[in-house]
Amino acid sequence: MHEDGYLTFALGKGRLARQTMKLLEEIGITCREMGEDSRKLIFQNEEHKLRFFLAKGPDVPTYVEYGAADIGVVGRDTVLEENRNVYEVLDLGFGKCRMCVCGPKSARELLLHHQRIRVASKYPNIAKDYFYNKKHQTVDIIKLNGSVELGPLVELSDVIVDIVETGSTLHENGLEVLEEICSLSARMIVNPVSVQMEGERIGQIVHAIRGHL
Ligand code: PRP
């Protein structure tokens with residue numbers, strides 16, 4: 001908590017932030033300023049002494065680990081990939097999707113025979129953990145920053161490790177889910193020191209959300 005008594009939330013920009021604000025509204029925490037269309041990054045609710053800021057998803061666990069935010073809301077994909085020193089306290093239930101190994105049908109053989117394949121992903125740590133620690137398969141991991149489905153299409157990689165929600169991106173590009181790594185959804189994370197110092201206030205919010213879900 002900041003010395004001015006404000007509890008600070010870091011929210012992953014975009015749909016996740018909008019869904020989080022909707023959920024908070026439903027438990028009586030509103031932030032009028034935030035609904036306005038502007039380039040503003042920080043918003044306050046003076047009545048409840050709450051502050052909200054919007055950040056790039058992968059930066060949310062960083063702000064929370066360093067205590068720049070007490071609480072963060074971000075996808076489980078980001079929590080796993082960033083592997084920061086934060087507590088995961090709540091599954092918010094929205095943003096449900098899966099982390100999968102995907103590729104053309106022909107790549108099934110390569111996976112089956114534990115071939116040394118190329119794996120393109122926005123999530124190199126998740127991919128590494130899955131192939132090295134769970135499957136004990138040596139692979140080459142190539143980090144990309146988006147449109148990862150291009151990997152197998154332009155022969156950069158044999159497979160990809162990526163998020164699958166509806167499956168339509170895969171389908172439209174002739175790719176399919178080959179293996180499922182884990183399920184994902186939005187998570188609430190908390191700074192470990194904030195848990196000690198502001199446990200009661202954070203506990204009330206967590207309790208209210210849990211009761212509402
Ligand atoms: C995500 C993900 C897939 C797609 C999956 O990409 O990386 O490409 O959504 O959704 P679907 O199964 O419903 O088709 P995003 O739109 O976030 O953009 P990116 O490719 O630039 O990461």
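Start at 1 and go down the list; that is how both ligands and their atoms are numbered.
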Would you say Gly167 and ligand 1 have an N/O pair spaced under 3.5 Å apart?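 Yes; at least one N/O pair falls below 3.5 Å.
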
Have a look at Phe53 and tell me which of Phe43, Tyr6, Tyr63 forms a ring pair (Phe, Tyr, Trp, His ring centres under 6.0 Å) with it.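 For Phe53, the ring pair (Phe, Tyr, Trp, His ring centres under 6.0 Å) test succeeds with only one of Phe43, Tyr6, Tyr63, which is Tyr63.
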
Pair Ser106, Arg108: side-chain N/O donor-acceptor within cut-off below 3.5 Å: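 There is no such pair between these side chains.
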
Can you tell me the protein heavy atom closest to [atom] and the distance?
atom                    : result
atom 7 (O) of ligand 1  : Asp162 OD2, 2.7 Å
atom 5 (C) of ligand 1  : Ile163 O, 3.4 Å
atom 18 (O) of ligand 1 : Lys122 NZ, 4.6 Å
atom 4 (C) of ligand 1  : Thr169 OG1, 3.8 Å

Could you check if a side-chain atom of Asp129 sits within less than 4.5 angstrom of a side-chain atom of Lys134, using non-hydrogen atoms only?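 Yes, close enough: below the 4.5 Å cut-off.
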
Atom indices of ligand 1, in the order listed, that fall short of 4.0 Å to a heavy atom of [X]:
X      : value
Ser147 : 19 (P), 20 (O), 21 (O)
Val164 : 12 (O)
Glu149 : 3 (C), 8 (O)
Ser168 : 12 (O), 14 (O)

With the threshold set strictly below 4.0 angstrom, can you tell me whether any protein non-hydrogen atom sits that near [atom]?
atom                    : answer
atom 21 (O) of ligand 1 : yes
atom 15 (P) of ligand 1 : no
atom 10 (O) of ligand 1 : yes
atom 1 (C) of ligand 1  : no

If we ignore hydrogens and angles and just use 3.5 Å, is the side chain of [X] paired with the main-chain N or O of [Y] as donor and acceptor?
X      : Y      : value
Asp140 : Arg118 : no
His48  : Leu7   : no
Tyr66  : Asn191 : no
Glu176 : Leu170 : no
Gln44  : Arg51  : no

Taking non-hydrogen atoms only, is Thr166 closer than 4.0 angstrom to ligand 1 via side chain, backbone, both or neither?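 The answer is both.
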
Between Glu165 and Arg15, does at least one N-O distance fall below 4.0 Å, as a salt bridge requires?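 A salt bridge links Glu165 with Arg15.
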
